[in-house]
Student: 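First the structure, then my questions, so here it is.
First listed ligand is number 1; within each ligand, the first listed atom is number 1.
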Amino acid sequence: MAGRLLSIGECMVELSQAGEGLLRKGFAGDTLNTAWYARACFPSDWSIDYFTAVGDDPMSMEMLAMMEGAGIGTDLIRRIPGKTPGLYLITLKDGERTFSYWRDTAAAKKLADDADHLRSAIDGAQIIYFSGITLGILAPEAVDTLLAEARRAKASGKTVVFDPNIRPRLWHNKPYMLKTIEDGARASNLVLPSFDDEAAYFGDTDEAATIARYKALGVENVVVKNGPAGVTLAFGSSPTVHVPAMKVDKVVDTTSAGDSFNGGFLSRLVQGATPAEAASHGAAVASTVIRHHGALISPDLLPK
Ligand code: ADP
């Protein structure tokens, strides 16, 4: 059955060291990464569309061209005259990556300002995907707009998927962050948290605690990702299932592990796989991504 997945969030310009005082330019962002892997893994009769706001500068145009080149739909992306995209720089020091951000005035912060446009974009999709980073970049009124539309989508029977992706530096205060993450989960029927984040900010002691907490908020389906320890799934009233991760001898770069898992997982779910089968595919995709440098690896490298 054909359909459309709408991924909502921020894509940024990424600058990384390329030696000799040179910087390499790329584009990335959690929700874009998931759209990329969804495009690579979903059946071709599904559209994968990205929803954000960009400026009208050359960098914004290049960003859109990159998405289009990957087969990700950009028609719903609003272009705001005079704005520019957010930017981050990765610096390597003693093998550790440090991130510096310039995103306070990024066009993407305005992605939910046109509520009618957001609503019609959501109306045209069967799966709506967003994250805690999407919520973290928005002003409180824009968070309310986005969550109201997500709740409306859920109530009308759409699949609303939320990855909490908790990033404290995006939020002004911790209680508001935790409350808003919970509101994001409540507006969704499938939540895909990473255990490390949930343990650090909600104090969960194990995956079962994360599942119980989201179930108590009324979330029907929960998939807790826990790196090499695999994933734990609680779908509807079915018993909790554990799906192991693939064994990876040499991890090169874990950037996008969770995002790529999500894309691979959803691609199998829409084709009628069981949640456990879908999670195995998500794990196979993520295990391939972490064997390579960068957030976005070539679709040719991914398992079929
Ligand atoms: P996030 O990137 O959101 O923190 P995780 O670290 O839980 O998410 O990783 C997501 C998925 O990537 C895991 O469920 C697993 O399938 C895969 N993965 C991550 N790290 C490893 C690893 N060291 N070995 C094998 N698979 C891994």
Student: Under 6.0 Å between ring centres, would you say that holds for Trp171 and Tyr176?
Tutor: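 They qualify: ring centres under 6.0 Å apart.
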Student: With sequence neighbours left out, which residue pairs that include part of residues 66-82 fulfil the side-chain hydrogen bond (donor to acceptor under 3.5 Å, both in side chains) condition?
Tutor: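 Listed once each, the pairs are Glu68-Thr74.
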Student: Any pair with a residue in residues 288-304 that passes side-chain hydrogen bond (donor to acceptor under 3.5 Å, both in side chains), sequence neighbours left out, goes on the list, sorted by first then second residue, please.
Tutor: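 Residue pairs with at least one partner in residues 288-304: there are none.
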Student: Could you check whether the rings of Phe162 and Phe130 sit parallel, tilted or perpendicular, using 30° and 60° as the cut-offs?
Tutor: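 Plane angle between 30° and 60°, so tilted.
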Student: Please identify which of these residues, Asp259, Asp163, Asp197, meets the salt bridge (Lys or Arg N to Asp or Glu O under 4.0 Å) condition with Lys225.
Tutor: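 With Lys225 as partner, salt bridge (Lys or Arg N to Asp or Glu O under 4.0 Å) holds for just one option, Asp163.
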Student: Using links of under 4.5 Å between side-chain heavy atoms of ILVMFWY residues, direct or through other members, which residues join Met246 in one cluster?
Tutor: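 Its cluster mates, by chain and number: none.
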Student: List, ordered by chain and residue number, the protein residues whose closest non-hydrogen atom lies under 4.0 Å from any atom of ligand 1.
Tutor: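 Those residues closer than 4.0 Å to ligand 1 by some heavy atom are Ser194, Lys225, Asn226, Gly227, Pro228, Val231, Ala245, Met246, Val248, Val251, Ala257, Gly258, Ala283, Ala286, Ile290.
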